[in-house]
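Reviewing the structure listed below.
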Amino acid sequence: MVYDAHRHIGVLPAYPFYGGPPVNPDTTARATVKQLVADLDDEGTERALVIPNYGVPDPAIAFSFNELAIEAAQSDDRIRAALWVSPRPEDAERTEQALALAGEEGVRALKLSFLLGGRPTDPACRPRLDRIFKAAQEHGLVVHVHTSPGAASDIDEVGHLVDWYAGQVPVHLVHFGGGMSGHIKLVGSRFFDWIESGKRVYTDLSWAIGFTPRWLAQEIERRGIGHDRVLFASDQPWGDFTGEYARLAEATGGGELGELVFRDTFAALYD
């Protein structure tokens, strides 16, 4: 059985990324719950955390998919929902509207990304970060944080959220740092240091550079900690389910670590 801890719902408008013509690179984006469920059936995915799709520089679009994520969770018991929130002052009203939905059946996480603006150390963002993490604590939710480099989302910035909040709230670091520097910092020490200090930190390896899943699995075995902090994630439609599954299955093998990564840690965190 496969449990997917990170995939999206909602179709974005075409956008002229990087100065080119308007394009839709997320070719497998799904507009309806029925289409999403069909994908789960085809893959054999038994559980999924579903997050509003985002990527174009208009936060209103991501916020608009919150109700769709809740609809998915309430229509199929295999699905859990994450709600899009933002610490930017400009998004305060929409974030409050999203947090008002945090107690809805099926909601298990709040999703943060700084790719659409802001950064953890921006003083203007700190009051909303406090508000978001307080709401997560009150409702027993995970905070799901994008970590890819570019914009302000490198692990050095996002790591502050672990330091400030992960003693009280589970923090799921998406993409395991998102690039070479993040991977090496995390596997080299930081991920394990956080665990040893009592931080409730989790991660997935979607988009991870090729050597990383194997190295992380080796370090988990060597250190004897971290087995229960890594989850499988496809990041559909921005990722590739088949490829992500194959890489992580090869790295974790068919034993206890694989069972935790592909099933049991999701069940403990999101069920």
Side-chain angles (χ1 to χ4, degrees), residues 5-13 15 17 26 29 49-73 80-104 106-166 168-175 178 202 204 206 233 235 237-238:
H6 168 201
R7 66 191 301 148
H8 300 276
I9 191 168
V11 173
L12 300 172
Y15 185 79
F17 296 97
D26 54 337
L49 180 72
V50 173
I51 300 164
N53 200 6
Y54 71 102
V56 301
D58 182 356
I61 297 172
F63 279 107
S64 75
F65 295 139
N66 277 339
E67 285 82 2
L68 183 58
I70 292 175
E71 178 190 345
R80 307 291 180 257
L83 302 178
W84 180 267
V85 294
S86 168
R88 301 192 320 151
E90 304 95 310
D91 297 326
E93 182 177 351
R94 286 180 293 218
T95 293
E96 284 302 318
Q97 291 170 353
L99 295 178
L101 301 172
E104 289 285 324
V107 174
R108 294 291 186 272
L110 303 176
K111 171 71 176 196
L112 275 178
S113 175
F114 296 92
L115 293 182
L116 303 188
R119 68 183 191 279
T121 55
D122 182 350
C125 290
R126 188 62 188 268
R128 307 311 304 171
L129 285 171
D130 289 345
R131 172 76 179 101
I132 289 165
F133 278 89
K134 180 180 179 182
Q137 185 176 13
E138 290 173 348
H139 291 280
L141 305 179
V142 180
V143 176
H144 212 263
V145 186
H146 191 280
T147 65
S148 283
S153 293
D154 182 60
I155 194 61
D156 289 337
E157 279 281 332
V158 171
H160 289 298
L161 302 180
V162 178
D163 294 331
W164 296 336
Y165 301 111
Q168 297 77 40
V169 176
V171 176
H172 178 154
L173 297 175
V174 175
H175 304 319
Y202 296 81
D204 68 63
S206 57
D235 195 23
W238 298 101

### Query
Can you check side chain to side chain contact (heavy atoms under 4.5 Å, CB included) on Ile70 and Leu83, steps first, answer last?
CA-CA 8 Å; Ile70 292 175; Leu83 302 178; 3.8 Å; yes
### Task
Determine, step by step, whether Thr147 and His175 satisfy the side-chain hydrogen bond (donor to acceptor under 3.5 Å, both in side chains) criterion, reporting the C-alpha distance in whole Å, the side-chain angles of both residues, the deciding distance to 0.1 Å, and the verdict.
CA-CA 6 Å; Thr147 65; His175 304 319; over 6 Å; no
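- Residues His139 and Val107 have side chains not in contact (no heavy-atom distance under 4.5 Å, counting atoms from C-beta outward).
- Aromatic ring centroids of Trp84 and Phe65 lie 6.0 Å or more apart.
- Distance check, rounded to the nearest 0.5 Å: NZ of Lys134 to CZ of Arg131 gives 7.0 Å.
- A 4.5 Å side-chain heavy-atom check between Ile155 and Leu173 finds at least one atom pair inside the cut-off.
- The distance from the CD1 atom of Ile51 to the NZ atom of Lys111 is 4.5 Å, given to the nearest 0.5 Å.
- One finds the CG atom of Leu116 at 7.0 Å from the CZ atom of Arg88 (value rounded to the nearest 0.5 Å).
- Ring orientation note: the planes of Tyr15 and Phe17 are nearly perpendicular, at an angle over 60° on the 30°/60° scale.
- Between Pro52 and Ala82, the closest heavy-atom pair is CD-O, 3.0 Å.
- Between the CG atom in Asp130 and the SG atom in Cys125 there is a gap of 11.0 Å [rounded to 0.5 Å].
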### Query
What do the steps show when you test Leu129 against Leu112 for side chain to side chain contact (heavy atoms under 4.5 Å, CB included), and what is the final call?
CA-CA 9 Å; Leu129 285 171; Leu112 275 178; 3.8 Å; yes
### Message
Please determine whether side chain to side chain contact (heavy atoms under 4.5 Å, CB included) holds for the pair Val143 and Phe133, giving the CA-CA distance in whole Å, both sets of side-chain angles, and the decisive distance to 0.1 Å.
### Response
CA-CA 7 Å; Val143 176; Phe133 278 89; 3.6 Å; yes
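- Judged by distance alone, the side chain of Thr95 and the main-chain N or O of Ala92 form no donor-acceptor pair under 3.5 Å.
- For an aromatic pair to be called close, the ring centres must be under 6.0 Å apart, and His6 with His8 satisfies this.
- For the pair Ala69 and Ala81, the tightest heavy-atom approach, listed with the atom from each and the gap, is O-CB, 3.5 Å.
- The two residues Ala135 and Leu99 make their nearest non-hydrogen contact at CB-CD2, 3.9 Å.
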### Task
Check the pair Arg108, Val142 against side chain to side chain contact (heavy atoms under 4.5 Å, CB included), reporting the backbone distance first and the verdict last.
CA-CA 6 Å; Arg108 294 291 186 272; Val142 180; over 6 Å; no
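- Between the CD atom in Glu67 and the CD atom in Glu71 there is a gap of 10.0 Å [rounded to 0.5 Å].
- Residue Leu49 comes nearest to Ala5 through the heavy atom pair CD2-O, 3.5 Å, listed as atom of the first residue, atom of the second, then distance.
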### Task
Would you sort out whether Ser86 and Asp91 count as a side-chain hydrogen bond (donor to acceptor under 3.5 Å, both in side chains), showing the intermediate values?
CA-CA 6 Å; Ser86 168; Asp91 297 326; 2.7 Å; yes
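- Nearest approach of Ala29 to Gly10, heavy atoms of both residues: CB-O, 3.7 Å.
- A heavy-atom distance below 4.5 Å is found between the side chains of Pro87 and Phe114.
- Checked against Asn53 for a side chain to side chain contact (heavy atoms under 4.5 Å, CB included), the options Leu12, Val11, Ile9 give a single hit: Leu12.
- A salt bridge is absent between Asp122 and Arg126; no separation between the charged side-chain nitrogens and carboxylate oxygens falls under 4.0 Å.
- In this structure, CZ on Arg94 lies 6.0 Å from CZ on Phe63, to the nearest 0.5 angstrom.
- Between His144 and His172, the ring planes are tilted. Angles from 30° to 60° get that label.
- Between Arg128 and Glu90 there is no salt bridge, since no side-chain N of the basic residue sits under 4.0 Å from a carboxylate O of the acidic one.
- Side chain of Glu157 to backbone of Thr121: a donor-acceptor contact under 3.5 angstrom is found.
- Of the residues listed (Val162, Leu161, Val174, Leu110), the one engaging Val145 in a side chain to side chain contact (heavy atoms under 4.5 Å, CB included) is Leu161, and it is the only one.
- Residue Ala98 comes nearest to Asn66 through the heavy atom pair CB-ND2, 3.5 Å, listed as atom of the first residue, atom of the second, then distance.
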